[in-house]
Visitor: 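My questions will all concern the structure given below.
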Amino acid sequence: VLKQILTAYSFRNPSIGYCQSMNIVCAFQMLFMTEEKAYWMVTSVCEDILPDYYAPSMIGCTTDQAAFEQLLRERMPDLHGHF
């Protein structure tokens, strides 16, 4: 079922297709809802809630990582020093 949902989504949105971690998002949804609802939830996450996470450039993910690094540097410099 997981493969079916992800394959269906890749046909719906070929500009994204399948990106790493979509399987985790989808599998989590499948724990709590039907196959169809999980499909629409994955669609909503990828297109509405976190659209830049699942773009080829992954700019949303990159931006969030940079913001997290900056916060870590400012708020927890000792911990930041380990990275």
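Please read these numbers as outputs of a predicted model, since none were measured by experiment.
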Visitor: Run the side-chain donor-acceptor check on residues 18-28: report pairs under 3.5 Å with partners two or more places apart or on a different chain.
Guide:
residue : atom : partner : partner atom : Å
Y18     : OH   : N23     : OD1          : 3.3
S21     : OG   : Y54     : OH           : 3.4

Visitor: Quick check: does any side chain N or O of S10 sit under 3.5 Å from a backbone N or O of T7, one acting as donor and the other as acceptor?
Guide: yes

Visitor: Show the atom names and distances, to 0.1 Å, of all donor-acceptor pairs under 3.5 Å that link a side chain in residues 72-83 to residues at least two apart or in another chain.
Guide:
residue : atom : partner : partner atom : Å
R73     : NH1  : Q70     : OE1          : 2.5
R73     : NH2  : E69     : OE2          : 3.2
E74     : OE2  : Q70     : NE2          : 2.5

Visitor: Could you measure the distance from the CD atom of Q29 to the CG atom of L2? Nearest 0.5 Å is fine.
Guide: 11.5 Å

Visitor: Is it the case that one hydrophobic cluster holds both L31 and W40, taking links as side-chain heavy atoms less than 4.5 Å apart, direct or via other members?
Guide: no

Visitor: Supply the atom-to-atom distance Q4 CD to E35 CD, rounded to the nearest 0.5 angstrom.
Guide: 5.0 Å

Visitor: Check Y9 against T43 and note the closest heavy-atom contact, atom names and distance.
Guide: CD1-OG1, 3.5 Å

Visitor: Working to the nearest 0.5 Å, report the span between SG of C46 and CG of N13.
Guide: 8.0 Å

Visitor: Rounded to the nearest 0.5 Å, how far does SG of C61 lie from CG of L50?
Guide: 9.5 Å

Visitor: Shared ILVMFWY cluster between I49 and I16, side chains joined below 4.5 angstrom?
Guide: yes

Visitor: Shortest non-hydrogen contact from S15 to P56?
Guide: O-CG, 3.8 Å

Visitor: A38 and M30: which non-hydrogen atoms are nearest, and at how many Å?
Guide: CB-CG, 3.9 Å

Visitor: Following the transitive rule for hydrophobic clusters with a side-chain heavy-atom cut-off under 4.5 Å over Ile, Leu, Val, Met, Phe, Trp and Tyr, establish whether V45 and I59 coincide in one cluster.
Guide: no

